[in-house]
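The structure under discussion appears below in the form of structure tokens.
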There are 2 protein chains.
Amino acid sequence: MRRQGDGKSGYPESGENRRATLKDVALAVGVHVSTVSRALNPETRHLITPQIVGKIAEASKQLGYQPNTAAYSLRTNRTRTVGVVVPDITNSIFPPMIRGVEDALTPLGYSTLVVNTDGQPEREAAILDTLFARGIDGLVIASVERENGAIRTLASRGTAIITVNRRMDDPAIASVTNDEAEGVRHMLNHLVALGHRNIATIAGNQNLSTGQRRYEAFLRNAVDMGLDVGPLRVGFASTFNEADGERCMEELMARGGDFTAILCANDRLAIGAIMALKRRGMSCPANISVTGFNDMAMVDRIDPPLTTVRIQQYRVGYAAAELLLERMTKRSELHRPQHLVLPVELVVRGSTAPPAQNSGIIALNNSLKSGARRQKISAGKA
Amino acid sequence: MRRQGDGKSGYPESGENRRATLKDVALAVGVHVSTVSRALNPETRHLITPQIVGKIAEASKQLGYQPNTAAYSLRTNRTRTVGVVVPDITNSIFPPMIRGVEDALTPLGYSTLVVNTDGQPEREAAILDTLFARGIDGLVIASVERENGAIRTLASRGTAIITVNRRMDDPAIASVTNDEAEGVRHMLNHLVALGHRNIATIAGNQNLSTGQRRYEAFLRNAVDMGLDVGPLRVGFASTFNEADGERCMEELMARGGDFTAILCANDRLAIGAIMALKRRGMSCPANISVTGFNDMAMVDRIDPPLTTVRIQQYRVGYAAAELLLERMTKRSELHRPQHLVLPVELVVRGSTAPPAQNSGIIALNNSLKSGARRQKISAGKA
DNA sequence: GCTTTAAATGCAATCGATTGCGTGAAAGTC
DNA sequence: GACTTTCACGCAATCGATTGCATTTAAAGC
């Protein structure tokens, strides 16, 4: 009455292109909407005579029927939407993960809502709120810190949650991460094999599992290998970015700790470290070898190409989505602690080299002070 | 009866944590749901006595009421969701745009659904379908080709659509793009100022406005400046990526066209071109200057740092979202053709230099053939 | 041939919000 | 003081799909 012209045929008017509903299909076939609903749902299709199913399928295709998501959600309380929370989509390690999640979920009719926290816990809280207002079915979180009460309560209340790349200390929160320990071990092996014995590190934020685990692995393996790691050889970054890498490198150099190589907790810190070196007139790898972690896009093209640990960014996302799917569909899976750790791979490029005789921070600081700057360095280069 | 225990208080049971609904708030305050609905909506709030509005506001906060998105959408046929269609989120020029869109939209209660087409038109069609099945309010498209019937019909049927970064030939489809012509003009000026007279180009896909407009601007300005651009100096890429840049550069070199600089339609093509040069034992910028377009993340850190045209990726996205908002809210805006062109900026870095006497493809090819390879090149470098 | 059982389909309530219309009370008019 | 107007709120339909239950029809059993 409100819209259907005189509605003689029961078909939607040709003039207005309203989307077809179950009702339209039902009218076209001459059955009840509930029959159409069941015929169109693979789970309940067996309840309907195959012949009618055929007619319904045809009519629905004919009319271009597409189920109304809002109505479905309202009735079933499921949205077929998952939230993906990242610190910043602009940070190029996240897009491949997001892509992995999407590629795993899209074919199954799920959509993903990507949101950015900018690493601010308050923002994160607000964002989780809006995601829940939207009524998501599950959550993939790449931005999580080692401890987060909000997420723990969400999980215990029955929300399907999985963390990617990072994990929480609480083992109850499922995760898909990379083998940080192995990555660090490979890298240290590589540096030692090149001849380095004095190795420093720029550790990441210790509130993040990546930061903490990589640092811990560094300490453990360095000791195992008989390397000497004094406090003069450790810098702590608060953020995983170039600026902080630069700052840490400056500090390490200023403190005068002697080392010929530096293992950075991720690629961006490494890039910052290299910048700091360059600004001091030093060269990587001639004077100091620098290593990264993650194998971010483009680090193979920077100067020097970065030696790093390749993590499987896309697969981490993909695997997380698969695990999340199980949790969203089978209630039994919901509270099973589950932690997938994907293997990593050492990628040796140009930022590491054997230590030169006169390389290392102390040697350099001395030579720089003595004014023989340019010469020394280009000598080291040859 | 189905769930509410004996429901003596009307409040949701404390044991089960069902989300509060309008009804819950209404019961708590002792008014009708429609009153609560009006009180909570700023548009209709004036219809309700301020005192009652106060009570309702308090109760709804108390109960942690959050409107059910599905119910709202079902009733109003609006989802407060916009689709963002990009070729590939993994391509680092898109995340800043997406971020711009999100930052403009999120504060207003909109969510964004990001999808990837991988540059495949069939995939794009399927993706648009699923977006529409979701019932989005508007569409931001970064993946659009110059002609696309599906999008034109969508737009004419009243969907709010805006293209970013690229635009369609049809002026009816609103867009936010960058000033391609100015960018190319600045770049040619820069090269000419350095002393280059023989300038080649690797043009982008001519089905994309970026490819077409940049190429057109190249031709027009080159002619204006009295430069000679024969067919030997033009390569066409079909895809904006490194591999195609490499291929085009190879072809240009093989064809033997003489030039000392090459203007590439975007950064990725430029990176490919530089790789091709390196593989041939040539150097950028000593032998050939190479320029890009976009100022993608990290191109300032590659070797050599890329001279390019900076587009305002984030602002393009932000502006597009703002325009889209108008179109989604005011029906009058819906069919107004609207094209915003943002200014660009030349960024001179290390990949451009004055031409050396013996630089250029022909000179190099000759010297290479004569076997004096290493020497010539390092001479050119000094 | 009549009852029992199963299979296929229809009926109607429901999810939670919005909104046109109706109603009662208070305020204003003459 | 009777009437109109305005204001504040309630009523109930509605959006489009799902689903427990009722009903009809057909098949099976004896």
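Chain identifiers are assigned alphabetically (A, B, ...) following the order of the sequence lines, protein sequences preceding nucleic acid strands; residue numbering begins at 1 within each chain. Everything numeric here is computed off the predicted structure, so don't read it as measured data.
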Legend entry - Heavy-atom protein contacts under 4.0 Å, nucleotides 4-11 of chain C, coded B base, S sugar-phosphate only, - none: ----SBBB
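If you measure from atom CG of A:L74 to atom P of D:dT19, you get 12 Å, rounded to the nearest angstrom. Residue B:L40 contributes atom CG, which lies 10 Å from atom P of C:dA17 at whole-angstrom precision. Distance CG (A:L22) to P (C:dT14): 20 Å, rounded to an integer number of Å. Between A:N68 atom CG and C:dG16 atom P there is a gap of 16 Å when expressed in whole angstrom units. A:I56 places its CD1 atom 13 Å from the P atom of D:dA17, with the value rounded to the nearest Å. For the pair B:Y65 OH and C:dG16 P, the computed distance is 10 Å after rounding to whole Å. In this structure, CD of B:Q51 is placed 14 Å from C1' of D:dC9, rounded to the nearest angstrom. Rounding to whole angstrom units, CG of residue B:L63 and P of C:dG16 are separated by 14 Å.
Between B:Y72 and the phosphate of D:dT14, there is no side-chain N or O to OP1/OP2 separation shorter than 4.0 Å.
With sequence neighbours left out, the side chain to side chain contact (heavy atoms under 4.5 Å, CB included) criterion links A:V31 to A:V29, A:T35, A:V36, A:I52, A:I56. Under the rule for a salt bridge (charged side-chain N to carboxylate O under 4.0 Å, His left out), the partners of B:E147 that lie at least two apart in sequence or sit in another chain are B:R152. In terms of the side chain to side chain contact (heavy atoms under 4.5 Å, CB included) criterion, residue partners of B:S37 (sequence neighbours excluded) are, by chain and number, B:L22. A:S73 pairs by the side chain to side chain contact (heavy atoms under 4.5 Å, CB included) definition with A:T69, A:T79, B:A70, not counting sequence neighbours. With sequence neighbours excluded, no residue forms a salt bridge (charged side-chain N to carboxylate O under 4.0 Å, His left out) with A:E58.
Mapping B:N41 and B:A71 onto DNA chain C by nearest heavy atom places B:A71 at the nucleotide closer to the 5' end.
Between A:V84 and A:F94, every side-chain heavy-atom pair lies at or beyond the 4.5 Å cut-off.
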